[in-house]
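Below you'll find the structure, written out as structure tokens, and then a few comments.
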Number of protein chains: 2
Amino acid sequence: MTQQRQIILEELRQVNSHPSADEVYEMVRKRLPRISLGTVYRNLEILSELGEIQKLELGGDLKRFDRNPIKHYHIRCMRCGRVDDAPIAPLNQIENELYGATVYTIIGHRLEFEGLCPQCSKTPGKS
Amino acid sequence: MTQQRQIILEELRQVNSHPSADEVYEMVRKRLPRISLGTVYRNLEILSELGEIQKLELGGDLKRFDRNPIKHYHIRCMRCGRVDDAPIAPLNQIENELYGATVYTIIGHRLEFEGLCPQCSKTPGKS
DNA sequence: GTGTTATCAGTAATAATTACTAAAATTAAT
DNA sequence: ATTAATTTTAGTAATTATTACTGATAACAC
């Protein structure tokens, strides 16, 4: 656990947003101005493999990171990309429904809601 | 409806896979060797806005296109990226559960299963 | 047919991510 | 602690998917 890795973890744990790698980079840069973006990417990957955090692959063009390593669902703003937790109980049985109906070995599932956050709900503008 | 747009639609309708824009490009190129990738991207976008096809934003690094414009769920191979339909009934009530529990205006949801396709289930190799 | 508009092919530009490399730092073994 | 082996880092370059731009072409309206 290097200093860089430790600080990346600390900074991510201080927010309940779901920042992209670039946003984590900007956060960490305040404490380690010489850190490089590649280091942030690599350590976020390592930390998620260690089970300390979670890497999110949601809709949109970029991956996000969640300080909470426990599987849960999210809602994402279609306009601005903001992501929040979706307070829905896990669908523990849903994978059983698929069992036998697919040729795949089922490993997990992901449920993501789409919508508009409060700010973007107010503003008309083009979607 | 230009010739290019028509042929893109025809080719996509001939497969039950869920090709990426680049794969559609390769398919269409057999009939229109001079078509450009930008044209494929633009027309896939237009066709999905018209409701003729569906643009999929699943996990992984690329978007995929589905000849079926009706909302349904998918399963994706974590190793090779193959995508198939997941024969699960739509969760029509799930958005109601979230209503009142989130500050977002809910517009839709996406459910995606992850697993290994038959080929990748056989091969050990690194995941 | 002529003019207007949309679309095309080809190419360049973006943006997120990954790969590479030599230097620095951490760890392990004496 | 000192040296040797290993890992990690900063910085940069390369990749990849996608979008934007542009002058030429084709579709459409009159």
Side-chain angles (χ1 to χ4, degrees), chain A residues 1-12 17-50 52-66 76 78-83 126-127, chain B residues 1-12 17-50 52-66 76 78-83 126-127:
Chain A
M1 180 69 68
T2 64
Q3 186 191 194
Q4 286 87 339
R5 190 170 303 160
Q6 181 65 43
I7 290 182
I8 288 168
L9 184 54
E10 284 172 18
E11 287 296 317
L12 183 55
S17 65
H18 299 72
S20 66
D22 205 69
E23 287 165 346
V24 173
Y25 174 57
E26 290 303 330
M27 288 156 56
V28 171
R29 225 137 75 99
K30 289 169 188 158
R31 291 174 63 185
L32 294 176
R34 299 189 60 76
I35 200 171
S36 86
L37 183 55
T39 300
V40 173
Y41 269 103
R42 183 164 25 75
N43 280 305
L44 286 170
E45 189 67 43
I46 290 169
L47 287 166
S48 89
E49 279 166 14
L50 291 174
E52 297 285 339
I53 65 172
Q54 186 174 181
K55 177 159 80 161
L56 304 180
E57 299 203 353
L58 306 177
D61 297 326
L62 40 75
K63 297 188 175 65
R64 293 174 171 280
F65 295 87
D66 192 329
R76 187 172 60 88
M78 299 169 82
R79 175 115 32 109
C80 73
R82 173 178 160 187
V83 172
K126 68 175 193 303
S127 67
Chain B
M1 182 67 68
T2 61
Q3 187 190 194
Q4 286 88 339
R5 191 170 302 161
Q6 183 63 45
I7 290 182
I8 288 169
L9 183 54
E10 284 173 18
E11 287 296 317
L12 183 56
S17 64
H18 299 72
S20 64
D22 204 70
E23 287 165 346
V24 173
Y25 174 56
E26 290 304 330
M27 287 157 57
V28 172
R29 225 136 74 99
K30 288 169 187 157
R31 290 174 65 185
L32 294 176
R34 300 189 59 76
I35 201 170
S36 86
L37 182 56
T39 299
V40 173
Y41 269 103
R42 181 165 27 75
N43 280 305
L44 286 171
E45 189 67 42
I46 290 168
L47 288 167
S48 88
E49 279 165 14
L50 291 174
E52 297 285 338
I53 65 172
Q54 186 174 183
K55 177 159 80 161
L56 303 180
E57 299 202 354
L58 306 176
D61 297 327
L62 42 75
K63 298 188 173 64
R64 294 174 171 282
F65 296 87
D66 192 329
R76 188 173 59 87
M78 300 169 80
R79 175 116 29 112
C80 72
R82 173 177 160 188
V83 172
K126 69 174 192 303
S127 67

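All chains are named by letter (A, B, ...) in the order of the sequence lines, taking the proteins before the strands, and each is independently numbered beginning at 1. Since the structure is predicted, the reported quantities are computational estimates derived from the model, not experimental observations.
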Base-contact (B) and sugar-phosphate-only (S) positions in nucleotides 10-29 of chain C, heavy-atom cut-off under 4.0 Å, - elsewhere:
B-----SBB-----------
Give the rounded distance in Å between these two atoms: [atom1] of [X] and [atom2] of [N].
| X | N | atom1 | atom2 | answer |
| --- | --- | --- | --- | --- |
| B:Arg42 | D:dC21 | CZ | P | 14 Å |
| B:Asn43 | C:dA9 | CG | C1' | 13 Å |
| B:Arg5 | C:dA9 | CZ | P | 12 Å |
| B:Arg29 | C:dC8 | CZ | P | 17 Å |
| B:Glu49 | C:dA6 | CD | C1' | 15 Å |

Heavy-atom side-chain proximity of B:Asn43 to B:Ile46 below 4.5 angstrom:
yes
4.5 Å side-chain heavy-atom contact, B:Met27 and B:Ile7:
no
Taking NZ, NE, NH1 and NH2 as the nitrogens, is one of them in A:Arg29 or A:Asp22 under 4.0 Å from a carboxylate oxygen of the other?
no
B:Arg31/B:Glu10 salt bridge by N-O under 4.0 Å criterion:
yes
Side-chain donor or acceptor of B:Glu52 paired with backbone N/O of B:Leu47 under 3.5 Å
no
Quick check: does any side chain N or O of B:Glu23 sit under 3.5 Å from a backbone N or O of B:Ser20, one acting as donor and the other as acceptor?
yes
